[in-house]
Amino acid sequence: LETTKTKGADFDAVVVGAGFGGLYSVYKLRNEQGLNVKAYDSAGDVGGTWFWNRYPGALSDTESFVYRYSFSGELLQKGRWKTRYLTQPEILAYMNEVADTYDLRRSYEFNTRVTAARFDEETGLWHVTTDKGQTVTAKYLITGLGLLSATNLPKFKGIDSFKGQILHTGAWPEGIDLKGKRVGIIGTGSTGTQVITATAPIAKHLTVFQRSPQYVVPIGNTPQDEATIAAQKASYDDIWKQVKSSAVAFGFEESTIPAETATPEERERVFEAAWQRGGGFYFMFGTFCDIATSQIANDAAADFIKKKIGQIVKDPETARKLTPTDLYAKRPLCGNDYYGVYNRPNVTLADVKADPIAEFTPTGIRLASGAEHELDVVIFATGFDAVDGNYTRMDLRGRGGVTMRDKWKDGPLGYLGMMETDFPNLFMILGPNGPFTNLPPSIETQVEWFSDTIKMMEAKGLKSIEPTEAARDEWVALCRTIADMTLFPKADSWIFGANIPGKKNAVMFYLAGLGNYRAAIDAVKDGGYETMIFDREKAST
Ligand code: FAD
Ligand code: NA7
């Protein structure tokens, strides 16, 4: 077993989280560098997102061959899947296999929430406190808290009086059976569309409470035969090279052809082919190169989907309610015959923008118009306090006792999506202003970057690292400039923190793609970390 190298500390590093990010951090720092690592997760076991999100229909919308780690050829060749996308149980089984293969579980304490972490300027150590009342010290603090992990449970009047069951998709208990029940679902985002299509065939009645209509293209979750999978496994070197130099990292070639200058016939042909192929990111980024940036191209894509809604949904009034009127500029959604669900006799669509939820009653939900919906179960598919939610829910303090909550009161800030000023030796996985992509390759990119940084610090005997304020500000400004080149800021969504009442609208992502992101962070490392302050105590005396 490892011994602690840092003088006076319990551990060299504390890792919080047992999702893709946390597990890989333990592997890199403990297995590869021999550091003594202590890890925590409030969940009962490994998996992160895929531990918590066990709702019916939970599925990745990244294709199976690239929703996984790339670092281990052995793991890649062992990969098993049957369909184009992975179900939640398949991903959870994969995460368990990773933990077993690399003996990662022994560093973890599960069912343990980190409630506070404080940087002690005297000792240069992090003091990390858990809900079990334990405090440990370590030189490095790695937070893989998840960017879509802190659940958003909107408050509704009368909710405590409801006699039925209330569930959030992101904290789904085992053993829930929706068969034959009267189910209400609030929310029609990525999660909502999945749980809606899975619940409609089994519920006695399903009422969907929709605030914003969505653009949803088919997912195309076709079976994959052994030959296809074998070919993918044989090409992994090329696949990862392509993924890591691409923008969205979804494993397809992004289009270089603008829709703006394409003929109506060409647009129709390309959109129809993408509709038949399936995939949300493919529809937005694989068809034409300017859907996220050009109003004309965006309208063309939006009009195509709107036309499909009109063709699929039989009742014109329901079709009207389901048809979005805003831009096609949120995280692109895909589903399994999503709009077709509304043709079922056991499904009702309640437009809660027009007729808001007034209150929960003991037997269901009452709308402002007085309309009552009787329900046994209400599912909140209302999303997450994205990106910074799990940071501001924790008492996280840097130099001079400054809290992250305070620092981020006008919106979260991050340097390279991993670091923040006054928080030395804190490395955030998928922290603010990081890449917006298929996430495992971005997570690996970040973990590899800070593992290299830590290795360099240990080799040189450096005590602490933190970014300069100028570098952080410049990175944040760059993220703003990039975001403003797209249409995304013009649509309200979690990508900009617009889904949580009272949350400041901020640019939370670096939207220039994984290839550019990798080049940017490598330039910092290869350029000798000129944007960082090392051993600030010494530097300022
Ligand atoms: P997570 O997997 O979220 O893990 C974070 C862990 O930290 C959690 O287990 C949590 O319990 C723990 N934690 C947080 N705070 C504390 C604390 N204070 N103390 C102790 N433990 C704590 N991404 C894609 O790229 N493609 C997809 O198709 C896709 N589908 C998704 C579908 C759903 C339903 C959801 C919710 C997300 C999806 N995502 C998808 C995003 C997904 O979150 C990432 O792909 C990835 O799983 C994130 O890994 P992570 O390790 O960074 O965080
Ligand atoms: P999202 O995309 O934030 O969707 C949440 C949905 O819940 C969305 O339709 C919201 O409507 C709706 N919502 C939120 N609050 C309310 C209230 N108070 N009343 C009614 N409806 C509400 O979260 P998801 O979980 O679907 O997806 C998040 C990511 O996780 C996704 O991109 C995947 O990567 C996995 P709104 O649109 O705000 O009007």
For A506 and G411, the nearest pair of non-hydrogen atoms, with its separation, is CB-CA, 3.9 Å
message: Whether the Q88 and Y55 side chains hold a donor-acceptor pair (N or O, under 3.5 Å, no angle test) is what I'd like checked.
response: no
Lys/Arg N to Asp/Glu carboxylate O, E174 vs R54, below 4.0 Å
yes
By side-chain hydrogen bond (donor to acceptor under 3.5 Å, both in side chains), T348 pairs with (sequence neighbours left out) H205
Q | Check: S369/D355 side-chain N/O donor and acceptor closer than 3.5 Å | A | yes
Margin query: Closer than 4.0 angstrom, basic N to acidic O: yes or no for R80 and E90?
Written below: no
Residues pairing under side chain to side chain donor-acceptor pair (under 3.5 Å) where one sits in residues 150-172, two or more places apart or in two chains, turn out to be none
Is it true that D388 and K503 have a side-chain N and a carboxylate O under 4.0 angstrom from each other?
yes
Ring center gap for F283 and F271 short of 6.0 angstrom: yes
Determine whether the aromatic ring centres of residues Y102 and F71 are separated by less than 6.0 angstrom. yes
query = Would T130 and Y40 count as having a side-chain donor-acceptor pair, cut-off 3.5 Å?
reply = no
### Heavy-atom neighbours of K490 NZ exceed 12 at 6.0 Å
no
Exercise. When the ring planes of F281 and F285 are compared, do they come out parallel, tilted or perpendicular, using 30° and 60° as the limits?
Worked result: parallel
Checklist entry - Would you say the side-chain atoms of Q224 and S64 include a donor-acceptor pair closer than 3.5 Å? => result no
Query raised in the report: Does a side chain donor of either R105 or N96 reach within less than 3.5 Å of an acceptor in the other side chain?
Result: yes
>> Is any side-chain heavy atom of W126 closer than 4.5 Å to one of F423?
In response: yes
